[in-house]
Asks: 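I'd like to ask you about the structure that follows.
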Amino acid sequence: MIPAEFDYAAPDSLEDALQALADGGEDAKLLAGGHSLIPLMKLRLAAPTLLVDLRRVPGLHGIARENGTWRIGAMTTHTELSGSEVGLLAQVAGTIADRQVRNRGTIGGSLAHGDPASDLPAALLVCDGTLTVQGASGQRTIAAADMFQDYMETAVGHEEIVTEIRVSAMDGWGFGYQKFTRRSEDWAMVAVSAAVKQLGDICEDVRVGLGNMASTPLRATAVEDALRGQHVTRETIAAAAAHAADGTDPPADLNASADYKRHLAQVLCRRALEEAAGLS
Ligand code: FAD
């Protein structure tokens with residue numbers, strides 16, 4: 001439970017953080033809230049030789065709305081996000097683990113870590129958000145759909161820093177989030193986030209995200225295709241939710257078999273869609 005020895009730097013500008021990361025080479029790691037990285041280091045599953053702490057870097061905090069888009073600084077904590085008006089992301093952030101984890105963990109750290117069982121990655125897919133990353137040669141934008149490439153592998157380069165996340169305000173949409181855990185503060189066995197936009201009782205648009213149903217978070221496109229354009233009723237939602245496990249490859253673990261997770265995905269999808277449509 002004691003990490004291997006490492007050096008520590010707490011630069012006070014983005015430029016110095018990028019320089020420290022480059023100087024530290026392959027074994028340097030960024031440190032945000034530390035609530036994923038430090039446990040891995042204590043278990044000796046990660047042994048960085050240098051930690052570059054982002055806490056003093058200006059401009060990485062805060063939430064602001066600009067022309068129908070929310071800008072969320074990468075170092076925004078789950079607690080700050082859950083207390084905000086950022087629709088689905090606020091709702092989801094409030095369900096992460098316990099108060100202690102929410103007070104330290106950050107949205108940038110969670111997305112860069114890319115654990116498919118985490119709450120925010122699949123919700124970001126539903127929001128169709130983007131991540132802004134800064135490297136030595138400049139800034140680029142990563143679409144949520146391109147972010148999660150394999151198990152805990154993301155499109156963020158080793159010498160890049162996620163600086164902010166942008167999501168559309170999604171005014172007029174309803175949101176739902178359902179996850180199944182053995183204890184309330186556990187990671188989800190399966191999680192489903194949903195967003196529904198209605199025109200009268202017609203489903204004008206719908207997006208569904210799945211957590212822990214494959215090596216990356218996924219969009220449940222078969223569910224979306226089945227519900228889009230339909231009257232929104234409990235029956236049409238149930239029929240669409242029956243497709244929630246289509247194309248998934250859930251990992252069996254100590255808590256649940258793959259078949260049980262497929263069943264959970266359908267049940268949670270129905271409940272999340274009902275919540276998003278105001279039928280729960
Ligand atoms: P860190 O641990 O500091 O970093 C994680 C990784 O991201 C590292 O590789 C780091 O180098 C990299 N990184 C961090 N910031 C950046 C950046 N700005 N740019 C590029 N790379 C960056 N999460 C859930 O979603 N659901 C849960 O139920 C849940 N339960 C938890 C229970 C416990 C007991 C603990 C300790 C954690 C739990 N978590 C859960 C994880 C928690 O949400 C973490 O805080 C989060 O996953 C990582 O955020 P962090 O700021 O702590 O990142």
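Owing to the predicted nature of the structure, the values given are computational and were not obtained by experimental measurement. Order of listing sets the numbers, starting from 1, for every ligand and every atom in it.
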Asks: Looking at Q139, I'd like to know if its CD atom is crowded, meaning that more than 12 non-hydrogen atoms belonging to other residues, nucleotides or ligands lie closer than 6.0 Å.
Replies: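 It does: Q139 CD has more than 12 such atoms within range.
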Asks: Taking the minimum heavy-atom distance to atom 42 (C) of ligand 1, which of V57, N103, V133, V101 ranks first?
Replies: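 It is V101 whose heavy atom sits nearest to atom 42 (C) of ligand 1.
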Asks: Counting both backbone and side chain atoms, is some N or O of A74 under 3.5 Å from an N or O of ligand 1?
Replies: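 Between A74 and ligand 1 (N or O atoms, distance only) the closest approach is not under 3.5 Å.
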Asks: Please indicate whether any nitrogen or oxygen in K179 is less than 3.5 Å from any nitrogen or oxygen in ligand 1.
Replies: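 No; the residue has no nitrogen or oxygen that sits under 3.5 Å from a nitrogen or oxygen of the ligand.
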Asks: Look only at interatomic distance and state if L37 has a nitrogen or oxygen under 3.5 Å from any nitrogen or oxygen of ligand 1.
Replies: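 Indeed, backbone or side chain, L37 has an N or O that close.
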Asks: Which of the numbered atoms in ligand 1 are under 4.0 angstrom from any heavy atom belonging to I161?
Replies: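 Listed by number with element: 19 (N).
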Asks: Looking at ligand 1, is there an atom of it that comes within less than 4.0 Å of some heavy atom belonging to R102?
Replies: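 No, R102 has no heavy atom closer than 4.0 Å to ligand 1.
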Asks: Return yes when D186 approaches ligand 1 closer than 4.0 angstrom through a heavy atom, no otherwise.
Replies: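 Under 4.0 Å: yes for D186.
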Asks: Is any side-chain N of the basic residue among E160 and R140 closer than 4.0 Å to the acidic one's carboxylate O?
Replies: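 Yes, this pair counts.
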Asks: Does a side-chain N-to-carboxylate-O contact under 4.0 Å join R71 and E66?
Replies: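 Judged by the 4.0 Å cut-off on N to carboxylate O distance, R71 and E66 do not form a salt bridge.
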Asks: Check each of A191, S36, A122 against atom 48 (C) of ligand 1 and report the one with the nearest heavy atom.
Replies: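 Looking at heavy atoms only, the winner is S36.
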Asks: Side-chain donor-acceptor pair under 3.5 Å between Q134 and E159, yes or no?
Replies: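 No - no donor-acceptor pair under 3.5 Å links their side chains.
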Asks: Are P11 and V52 side-chain neighbours, meaning at least one heavy-atom pair lies under 4.5 Å?
Replies: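 Yes. Closest side-chain heavy atoms under 4.5 Å.
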Asks: Counting both backbone and side chain atoms, is some N or O of P39 under 3.5 Å from an N or O of ligand 1?
Replies: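 No; the residue has no nitrogen or oxygen that sits under 3.5 Å from a nitrogen or oxygen of the ligand.
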Asks: Side chains of T233 and T236: is there a donor and an acceptor less than 3.5 Å apart?
Replies: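 Checked: T233/T236 side chains pair up, N/O donor to acceptor below 3.5 Å.
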Asks: Distance under 4.0 Å to a non-hydrogen atom of A112: what atoms of ligand 1 satisfy this?
Replies: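 Result: 7 (O), 12 (C), 13 (N), 20 (C), 21 (N), 22 (C).
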Asks: Under 4.0 Å from ligand 1, counting heavy atoms only, is it the side chain of T106, its backbone, both or neither?
Replies: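 Both parts.
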Asks: What protein heavy atom sits nearest atom 31 (C) of ligand 1, and how far off is it?
Replies: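 Result for atom 31 (C) of ligand 1: W187 CH2, 3.3 Å.
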Asks: List the closest protein heavy-atom neighbour of atom 45 (O) of ligand 1: residue, atom name, distance to the nearest 0.1 Å.
Replies: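 Going atom by atom, the protein heavy atom closest to atom 45 (O) of ligand 1 ends up being G105 CA, 3.0 Å.
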Asks: If the cut-off is 4.0 Å to any non-hydrogen atom of H78, which atoms of ligand 1 fall inside it?
Replies: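 Reading through ligand 1 atom by atom, the close ones are 42 (C), 43 (O), 45 (O).
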Asks: Taking the six-membered ring of W187 as reference, does the cationic atom of R182 (NZ for Lys, CZ for Arg) lie under 6.0 Å from its centre and within 45° of its axis?
Replies: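 The answer is no, since R182 fails at least one limit relative to W187.
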Asks: Any nitrogen or oxygen of E160 lying under 3.5 Å from a nitrogen or oxygen in ligand 1? Just yes or no.
Replies: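 Among all N and O atoms of E160, none is under 3.5 Å from an N or O of ligand 1.
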Asks: Taking heavy atoms and a distance under 4.0 Å, where does M75 meet ligand 1: side chain, backbone, both or neither?
Replies: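 None of M75 does.
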Asks: Which heavy atom of the protein is the closest neighbour of atom 14 (C) of ligand 1, given with residue, atom name and distance?
Replies: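 It is G109 CA, 3.4 Å.
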Asks: Are E204 and R228 within salt-bridge range, i.e. N to O under 4.0 Å?
Replies: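 Salt bridge absent between E204 and R228.
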Asks: Hey, is ligand 1 close enough to L54 that some N/O pair sits below 3.5 Å?
Replies: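 Checking ligand 1 against L54, no N or O pair falls under 3.5 Å apart.
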Asks: If you count the atoms of ligand 1 from 1 in the order shown, which ones are under 4.0 Å from a heavy atom of A97?
Replies: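 Under 4.0 Å from A97, ligand 1 has these atoms: 27 (C), 28 (O), 29 (C), 30 (N), 31 (C), 32 (C).
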Asks: Of K197, R219, R207, which is the lone residue that meets salt bridge (Lys or Arg N to Asp or Glu O under 4.0 Å) with E224?
Replies: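 So the option named by the test is R219.
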Asks: Decide, yes or no, whether a salt bridge links D12 with R55 under the criterion of side-chain N to carboxylate O below 4.0 Å.
Replies: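 Salt bridge flag = no for R55 with D12.
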Asks: Checking D186 side chain against R183 main chain: does a donor-acceptor pair fall under 3.5 Å?
Replies: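 Yes, the answer is positive, given that a donor and an acceptor are paired below the 3.5 Å cut-off.
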Asks: Who's the nearest protein heavy-atom neighbour of atom 8 (C) of ligand 1, and how far?
Replies: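 The protein heavy atom lying closest is L30 O, 4.1 Å.
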Asks: Among H158, H35, M152, E159, whose heavy atom sits nearest atom 52 (O) of ligand 1?
Replies: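 Answer by nearest heavy atom: H35.
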Asks: Starting from atom 15 (N) of ligand 1, what is the nearest protein heavy atom, named by residue and atom, and what distance separates them?
Replies: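 Of the protein heavy atoms, A32 CB, 3.4 Å lies nearest.
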Asks: For atom 18 (N) of ligand 1, what's the nearest protein heavy-atom neighbour? Residue, atom name and distance, please.
Replies: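 Protein heavy atom with the smallest distance to atom 18 (N) of ligand 1: V162 O, 3.1 Å.
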Asks: Could you verify whether a donor N or O on one side chain and an acceptor N or O on the other, from N255 and Y260, lie under 3.5 Å apart?
Replies: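 There is no such pair between these side chains.
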Asks: So which heavy atom on P250 is nearest to which on N212, and how close?
Replies: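 Between these two residues, the closest heavy atoms are CB-O, 4.3 Å.
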Asks: Provide, to 0.1 Å, the distance between atom 50 (P) of ligand 1 and the closest protein heavy atom, together with that atom's residue and name.
Replies: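 That would be G33 N, 3.5 Å.
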Asks: Starting from atom 1 (P) of ligand 1, find the nearest protein heavy-atom neighbour and note its residue, name and distance.
Replies: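 Sorting protein heavy atoms by distance from atom 1 (P) of ligand 1 puts G34 N, 3.4 Å first.
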Asks: Assess whether atom CD1 of I2 is packed by more than 12 heavy atoms of other residues, nucleotides or ligands within 6.0 Å.
Replies: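 12 or below, so no.
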Asks: If you take the nearest heavy atom of each of D119, V52, L120, which one is closest to atom 27 (C) of ligand 1?
Replies: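 When every heavy atom of D119, V52, L120 is considered, D119 comes closest to atom 27 (C) of ligand 1.
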Asks: In Å, rounded to the nearest 0.5 Å, how long is the span from OG1 of T49 to NZ of K29?
Replies: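 Answer rounded to 0.5 Å: 11.5 Å.
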